[in-house]
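All ligand and atom numbering here is 1-based and tracks the order in the structure.
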Amino acid sequence: MTNFNPRSKDHPLIKSGSMSSLYKEVVKCESCPRIVDFRKKVALEKRKQFMDWTYWGRPIPGYGDPKASLLLVGLAPAAHGGNRTARVFTGDKSADFLIKCLFKEGLANQPNSDSLNDGLKFNNIFMTTVLKCVPPKDKPTAEELSNCSHYFSREMEMLKNVKVILALGKIGFDGCLRYFKKDFDFKMKDFLFGHDKHYVLPNGKTLWGSYHPSPRNVNTGRMNEDMMRSLLKKIKRNID
Ligand code: SF4
C-alpha cells in the first residue's frame, strides 16, 4: 500500500507554487549519513501493522496553507508516521492527538490525519518541522540540526503572513529562536521553553511553546486534550 508514486523523485504534495523548487531539493537531501541510514532502515524493516505499506523513507517538507497566519513547528517526521506516509503529523499517535484537537477548535476540517489522500485541510495553518527526516530515537545531533536549518530558514522566508508560531516541543522551540537570532540580538536563555509560555519577538511575531503531543507526554498525563485545546483557543485569539 502506498499513497504516492514510489518511483517519483518529487514529493507528492508539492506540484507547483512558491515552495516547489525548495522541496524538490529537500527530498533529495542526504547530508546526514546517520539519519539517512536510519530513515532507510525504518522504511525497509517497517512496523508489523504497516507491512503492506511502501514507506516514503525520505525527507518530508511542510504542508498546509503557505499564506497561513499560524505556523506549527515540530521536531521531525515520526518513524512510522511521516516517514511512512510522506506527510508530517500523519499516521501516528501524535498526529491522532494533535489533529483531533485542531479539528475541535475549528482549525482542521476533520479529526484524523492518516494518509496523503485522507482529505485533511487546515484553516489558516502551515505545519512543518525543524528537521526534515526522522532521527534515531528522535534525538538529532547538533550537527544534524545545523545541517537541516537552512531548509527551515528558507521555508520561514516564504511564509510571509505568519503572525503566530506554535512550537511543539523544546527542539522545535529552540529551532525557531535560532532562526530569529540571525536577525535580532537576544539571548536564548531569556526565552525559556514551557507549555503555554509565549513571547513576543522583536519582529512582532509571537512564539508559543507547547509540550509535544507525543504518546509519552499524553500517556503520562503531562499533556492532555484540555491543555492543548485551551492553548489553541488562546492562539486563535492571538491571531485575531
Ligand atoms: S535531516 Fe535535513 S539535512 Fe539531514 S538528510 Fe534529512 S533533509 Fe538533509
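- Defined by atom type and a distance below 3.5 Å, a donor-acceptor pair is present between the side-chain atoms of Asp114 and Asn112.
- Distances from atom 6 (Fe) of ligand 1 show that Cys133 has an N/O/S atom below 2.8 Å.
- Between the side chains of Trp208 and Asp196, no donor-acceptor pair is found at a separation under 3.5 Å.
- Separation of the Phe191 and Phe173 ring centroids does not fall under the 6.0 Å cut-off.
- Looking from atom 4 (Fe) of ligand 1 to the surrounding protein, the closest heavy atom is Cys32 SG, 2.3 Å.
- Judged by distance alone, with hydrogens and angles left aside, the side-chain atoms of Thr85 form a donor-acceptor pair with the main-chain N or O of Gly81 at under 3.5 Å.
- Close approach of ligand 1 to Lys132 is summarised as follows: ligand atoms under 4.0 Å from at least one heavy atom of the residue are 7 (S).
- Remark: ligand 1 atoms within the under-4.0 Å shell around heavy atoms of Cys148 are 1 (S), 2 (Fe), 3 (S), 7 (S).
- Heavy-atom contacts of Cys29 reach the following atoms of ligand 1: 3 (S), 5 (S), 7 (S), 8 (Fe) (cutoff under 4.0 Å).
- With Asn109 contributing its side chain and Lys121 its backbone, the two residues share a donor-acceptor pair below 3.5 Å.
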